[in-house]
S.K.: 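Shown below is the structure under consideration.
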2 protein chains.
Amino acid sequence: MPQKKKTKKEINEAIQDWLDSYSSSKKATIKDVAQIAGVSKNTISRIINNSPLVKDETRLVVKTIIEKIGYQPDPQARGLAFRHSFLIGMLYGNPNPHFVLNLQQGILDGLDDTDYELVVRPCYRSNPNYLSDIQAFVERMKLAGVILTPSLAEDEALAKMLRKAGCKYIRISPAELDEEKNIIVTNDRIGASEAADYLSSLGHTQIACILGRSDFLSSKERLEGFRESLRANKIHLPTEYLVKGDFTFESGTSATQELLALPTPPTAIFASNDEMAAGALHAIRLAGLRVPEDLSVVGYDDFHIAVTVWPRLTTLRSPIHDTGKLAVQKLLSENPSNQSAFPDIPSPTLVVRESTSPPTP
Amino acid sequence: MPQKKKTKKEINEAIQDWLDSYSSSKKATIKDVAQIAGVSKNTISRIINNSPLVKDETRLVVKTIIEKIGYQPDPQARGLAFRHSFLIGMLYGNPNPHFVLNLQQGILDGLDDTDYELVVRPCYRSNPNYLSDIQAFVERMKLAGVILTPSLAEDEALAKMLRKAGCKYIRISPAELDEEKNIIVTNDRIGASEAADYLSSLGHTQIACILGRSDFLSSKERLEGFRESLRANKIHLPTEYLVKGDFTFESGTSATQELLALPTPPTAIFASNDEMAAGALHAIRLAGLRVPEDLSVVGYDDFHIAVTVWPRLTTLRSPIHDTGKLAVQKLLSENPSNQSAFPDIPSPTLVVRESTSPPTP
DNA sequence: CTGAAAGCGCTTACAG
DNA sequence: CTGAAAGCGCTTACAG
């Protein structure tokens with residue numbers, strides 16, 4: 001189309017013309033930008049996609065035009081041409097709203113200033129069509145990638161299906177169950193061992209642990225970290241001090257009641273999450289005992305509940321938000337295996353509040 | 001293309017051929033379906049879009065083919081042709097994860113078996129580019145519609161912008177601030193008046209109210225409902241019994257401390273949400289008083305916190321999940337003004353637990 | 001009730 | 001460094 005290069009003045013006039021005639025009614029397309037700039041659509045496309053094969057001057061002129069007429073490339077059209085969408089998916093099954101929303105926020109923050117948007121989808125492993133539903137979803141939407149939260153992230157069959165479907169994914173998991181480029185490890189084991197280290201540093205030697213749901217790897221990892229710490233601190237762990245829970249408040253209550261009924265009850269309890277720690281507090285109060293005077297309690301997660309119970313919980317805070325953000329960066333990176341570009345997520349940090357103290361002699 | 005109608009046998013062979021050659025590698029397109037069926041793409045398109053202009057027999061044959069080869073229409077291609085995407089947006093600013101996730105779940109359930117998916121986006125009114133950011137988002141994504149949660153839903157400027165941009169929207173709000181077709185009203189006023197009715201039915205006559213954030217309409221509506229009930233029950237409401245809060249635990253605590261310092265403290269407190277009610281419990285415990293013996297407390301929302309505090313909260317439960325689901329149905333309906341098709345959302349229900357009792361004489 | 005052609009707004013070889 | 005043409009997978013008038 002362009003017989004000769006347009007002058008700056010001609011371009012400004014073209015912009016003005018466009019603004020006068022269209023603006024309010026119709027959105028600008030790549031064609032509009034091309035015509036105003038006096039170049040082909042190819043060139044505009046190259047600029048949108050940061051191709052180096054464009055003269056700097058041309059790039060500058062075009063960018064100004066784009067800015068002025070408020071052109072936004074159509075993600076659907078780009079997606080159609082690219083054979084994938086500009087959507088990434090968050091697949092979640094985790095029942096805790098704080099976890100899900102924190103992660104979601106981190107993902108959204110990671111998506112800021114990218115061309116991608118987030119579509120969310122709860123998934124239930126118990127659903128008989130679980131795998132094929134997700135596959136249909138991923139293929140229909142031509143997702144650029146998906147982020148898997150615990151405990152979906154721990155499902156090897158899911159990961160395998162995604163690989164076969166050619167869909168990139170990031171698993172967020174407490175254990176290293178995939179290649180570096182496909183996973184972000186959350187260090188639950190380290191967090192739990194810190195919890196136990198802290199209790200032992202306070203002088204406790206009778207420390208019990210309330211386990212989480214057995215179908216969550218985090219339960220296993222937290223227990224492992226707890227065990228490692230006790231071993232390192234030469235603290236004996238009677239099997240009665242390990243009691244089952246399922247991450248709910250109620251299970252924390254009943255588990256604690258079991259512990260209190262023991263011939264030698266513990267002087268400290270590490271609950272695998274805050275929810276159960278709150279339940280523990282409840283059981284202890286019902287038993288007429290005081291926290292932390294009679295019994296110290298440590299939770300895990302530092303979710304909101306940790307500060308709304310009394311006493312407020314000593315607990316471990318995971319960088320969930322940052323995990324989500326990192327997951328996006330890794331997912332959208334061309335070189336996700338590059339270790340140095342993606343540092344490990346920091347370990348959980350201990351937050352000390354009023355639910356712990358040295359044991360009363 | 002089709003010289004003469006294909007026989008059933010020919011079609012079955014065509015299906016088999018397709019499955020043999022493609023299946024694993026490439027996804028089926030409308031062209032594949034058309035070729036196998038021996039009809040034009042137009043016909044397939046009509047069937048996808050439920051056009052009545054297709055012979056029943058043709059429709060049946062094509063549907064079987066679609067089923068067998070697992071064809072899924074490409075939402076991006078459809079979107080491009082339709083000039084809108086098959087995405088709806090949830091715009092949220094509400095800081096409570098339980099509310100957001102409940103609503104999100106309701107919306108997702110409403111989206112089941114439709115052609116649409118959900119993309120989520122947190123919005124902060126405090127952001128100076130708040131409006132233009134949303135506008136850019138909505139236009140770029142060519143959203144089929146958006147759902148607005150409190151307190152975004154209360155922003156008239158937002159609604160106006162969306163109307164101008166030609167983007168359908170549903171506001172979820174405690175007050176009727178838009179045309180029937182654009183809003184779902186949550187009846188907070190009724191809920192609050194039930195709370196007060198209940199306290200008065202227990203015999204309380206000294207009832208205080210902790211207000212919520214003044215930039216949320218729900219605060220105003222809940223207060224209004226509270227007032228109406230007291231008036232109806234001929235209970236005097238001293239101005240000191242109305243104290244400010246901001247929906248947080250801490251504000252519930254300090255508001256309650258104000259109330260307890262009064263020459264004549266109330267015998268019952270209605271907090272505008274559970275969070276503040278939990279804070280009230282905390283303040284009361286710190287003051288050495290007991291709930292409900294010395295003071296009854298009622299919350300609002302029935303979020304998880306209501307059952308993790310002690311005593312558990314008497315509170316009001318809103319049908320948030322159903323609200324989200326209804327919002328989708330209204331948004332996607334061709335005739336959203338049809339009152340009868342979209343019944344009002346039921347009023348909140350009172351959930352009685354251990355935080356309330358008759359006043360001790 | 002059905003089909004051929006053009007178009008939605010992009011990108012991708014290919015050619016220069 | 002730049003452009004003309006074809007194509008991504010659909011739908012929409014239009015014609016029959």
Side-chain angles (χ1 to χ4, degrees), chain A residues 1-6 22 26-62 66 69-87 115 139-142 144, chain B residues 1-6 22 26-62 66 69-87 115 139-142 144:
Chain A
M1 234 156 249
Q3 318 304 73
K4 52 177 179 216
K5 233 183 81 189
K6 279 203 182 185
Y22 293 82
K26 232 184 139 220
K27 298 291 99 191
T29 70
I30 199 172
K31 210 174 138 199
D32 297 317
V33 181
Q35 270 168 1
I36 294 176
V39 300
S40 75
K41 293 185 292 175
N42 295 23
T43 301
I44 311 300
S45 174
R46 291 196 182 92
I47 291 170
I48 295 171
N49 294 295
N50 296 312
S51 157
L53 305 173
V54 181
K55 215 196 301 174
D56 276 348
E57 192 201 328
T58 316
R59 186 188 309 277
L60 223 59
V61 171
V62 170
I66 288 180
I69 70 174
Y71 166 63
Q72 300 192 88
D74 181 333
Q76 296 197 112
R78 296 184 77 202
L80 191 58
F82 272 128
R83 288 155 185 76
H84 74 250
S85 74
F86 284 86
L87 261 15
D115 293 335
E139 293 184 340
R140 173 163 37 88
M141 301 302 288
K142 294 199 171 60
Chain B
M1 239 156 244
Q3 318 305 73
K4 53 179 177 216
K5 234 183 80 187
K6 281 203 182 184
Y22 294 82
K26 233 183 138 219
K27 296 292 98 191
T29 71
I30 199 173
K31 210 174 138 199
D32 297 317
V33 181
Q35 271 168 2
I36 294 176
V39 300
S40 75
K41 293 185 292 175
N42 296 21
T43 301
I44 311 300
S45 174
R46 290 196 182 94
I47 291 170
I48 294 171
N49 294 295
N50 295 313
S51 158
L53 304 173
V54 181
K55 216 196 301 174
D56 276 349
E57 193 200 329
T58 317
R59 184 188 310 276
L60 224 59
V61 172
V62 170
I66 289 180
I69 70 174
Y71 167 63
Q72 301 192 86
D74 181 334
Q76 296 197 111
R78 297 184 76 202
L80 191 59
F82 272 129
R83 288 153 185 78
H84 75 250
S85 74
F86 284 86
L87 262 15
D115 294 335
E139 293 184 340
R140 173 163 37 87
M141 300 302 288
K142 293 199 172 59

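In what follows, chains are A, B, ... by sequence order, proteins preceding strands, each numbered from 1. It should be emphasised that the depicted structure is a prediction, and the values quoted were computed from it without experimental measurement.
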S.K.: Output one line per pair: protein atom, nucleotide atom from nucleotides 13-16 of chain C, and distance, for all N/O pairs under 3.5 Å.
M.R.:
unit_1 : atom_1 : unit_2 : atom_2 : d
C/dA13 : N6     : A/N42  : ND2    : 3.4

S.K.: Looking at C/dC1, which nucleotide sits across from it as a Watson-Crick or G-U wobble partner, both distances under 3.5 angstrom, or is there none?
M.R.: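 Across any shown strand, C/dC1 pairs with D/dG16.
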S.K.: Tell me the interatomic distance from B/K55, atom NZ, to C/dT2, atom C1', rounded to whole angstroms.
M.R.: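 That distance rounds to 9 Å.
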S.K.: Take A/K31 and B/P52, find for each the nucleotide of DNA chain C with the closest heavy atom, and name the residue whose nucleotide sits nearer the 5' end.
M.R.: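 Nearest nucleotide further toward 5': that of B/P52.
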S.K.: Between A/I36 and A/Y71, does the side chain to side chain contact (heavy atoms under 4.5 Å, CB included) criterion hold? Intermediate values first, please.
M.R.: CA-CA 12 Å; A/I36 294 176; A/Y71 166 63; over 6 Å; no
S.K.: List the steps and the verdict of side chain to side chain contact (heavy atoms under 4.5 Å, CB included) for A/L87 and B/L87.
M.R.: CA-CA 11 Å; A/L87 261 15; B/L87 262 15; 4.3 Å; yes
S.K.: The side chain of A/T29 is closest to which nucleotide in this list: C/dC10, D/dT2, C/dG3?
M.R.: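 Out of C/dC10, D/dT2, C/dG3, the nucleotide with an atom closest to A/T29's side chain is C/dC10.
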S.K.: Could you state the CD-C1' distance from A/Q35 to D/dT2, rounded to the nearest angstrom?
M.R.: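 Going from A/Q35 (CD) to D/dT2 (C1'), I get 17 Å.
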S.K.: If you find the nucleotide of DNA chain D closest to A/T58 and the one closest to A/K41, which residue's nucleotide is nearer the 5' end?
M.R.: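 That would be A/T58.
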S.K.: I need the CZ-C1' distance between A/F86 and C/dG9, as an integer number of Å.
M.R.: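 Spelled out: CZ on A/F86 to C1' on C/dG9 is 12 Å.
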S.K.: Report the residues that fulfil side chain to side chain donor-acceptor pair (under 3.5 Å) with B/E139, sequence neighbours left out, ordered by chain and then residue number.
M.R.: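 Partners of B/E139 under the side chain to side chain donor-acceptor pair (under 3.5 Å) test: A/K27, B/Q135.
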S.K.: Salt bridge (charged side-chain N to carboxylate O under 4.0 Å, His left out) for B/R78 and B/D115? Distances and angles first, verdict last.
M.R.: CA-CA 10 Å; B/R78 297 184 76 202; B/D115 294 335; 3.1 Å; yes
S.K.: Calculate the interatomic distance between B/N49 atom CG and D/dG9 atom C1'; express it in whole Å.
M.R.: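 My rounded result for the distance is 13 Å.
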S.K.: Could you check A/K31 against A/I44 for side chain to side chain contact (heavy atoms under 4.5 Å, CB included), going step by step and ending with a plain yes or no?
M.R.: CA-CA 9 Å; A/K31 210 174 138 199; A/I44 311 300; over 6 Å; no
S.K.: Within the distance-only criterion (no hydrogens, no angle test), does the side chain of B/D74 pair as donor or acceptor with the backbone N or O of B/Q76 below 3.5 angstrom?
M.R.: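 The answer is yes, because a donor-acceptor pair under 3.5 Å joins these two groups.
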S.K.: Provide, to the nearest angstrom, the distance between the NZ atom belonging to B/K142 and the C1' atom belonging to D/dC10.
M.R.: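 For the pair B/K142 NZ and D/dC10 C1', the rounded distance is 15 Å.
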S.K.: By a strict heavy-atom criterion of less than 4.0 Å, which residues belonging to residues 70-83 of chain A are in contact with DNA chain C?
M.R.: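 Those residues whose heavy atoms fall under 4.0 Å from DNA chain C, taken from residues 70-83 of chain A in numerical order, are A/Y71, A/Q72, A/P73, A/D74, A/A77, A/R78, A/L80, A/A81, A/F82.
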S.K.: Can you check the B/D32 CG to D/dG9 P distance for me, whole Å?
M.R.: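 For the pair B/D32 CG and D/dG9 P, the rounded distance is 9 Å.
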S.K.: Measure up the A/F82 and A/F86 rings against each other and bin them: parallel (under 30°), tilted (30 to 60°), perpendicular (over 60°).
M.R.: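 A/F82 and A/F86: perpendicular rings.
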S.K.: Can you measure A/K27 atom NZ to C/dC8 atom P for me and round it to whole angstrom units?
M.R.: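 For the pair A/K27 NZ and C/dC8 P, the rounded distance is 17 Å.
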S.K.: Between B/D32 (side chain only) and B/T29 (backbone N and O only), is there a donor and an acceptor less than 3.5 Å apart?
M.R.: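 Indeed, once roles are kept as given, a pair shorter than 3.5 Å links the two residues.
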S.K.: Respond yes when some side-chain nitrogen or oxygen of B/S45 is under 4.0 Å from OP1 or OP2 of D/dC10, and no when none is.
M.R.: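 It does not, given that no N or O in the side chain of B/S45 lies less than 4.0 Å from OP1 or OP2 of D/dC10.
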S.K.: For B/I30 and D/dG7, what is the distance between atoms CD1 and P respectively, to the nearest whole Å?
M.R.: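 Rounded to the whole Å, the gap is 18 Å.
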S.K.: Tell me if a side-chain donor or acceptor on A/S85 pairs with a main-chain N or O of A/G79 at a distance below 3.5 Å.
M.R.: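 No, because the side chain of A/S85 does not come within donor-acceptor range (under 3.5 Å) of the backbone of A/G79.
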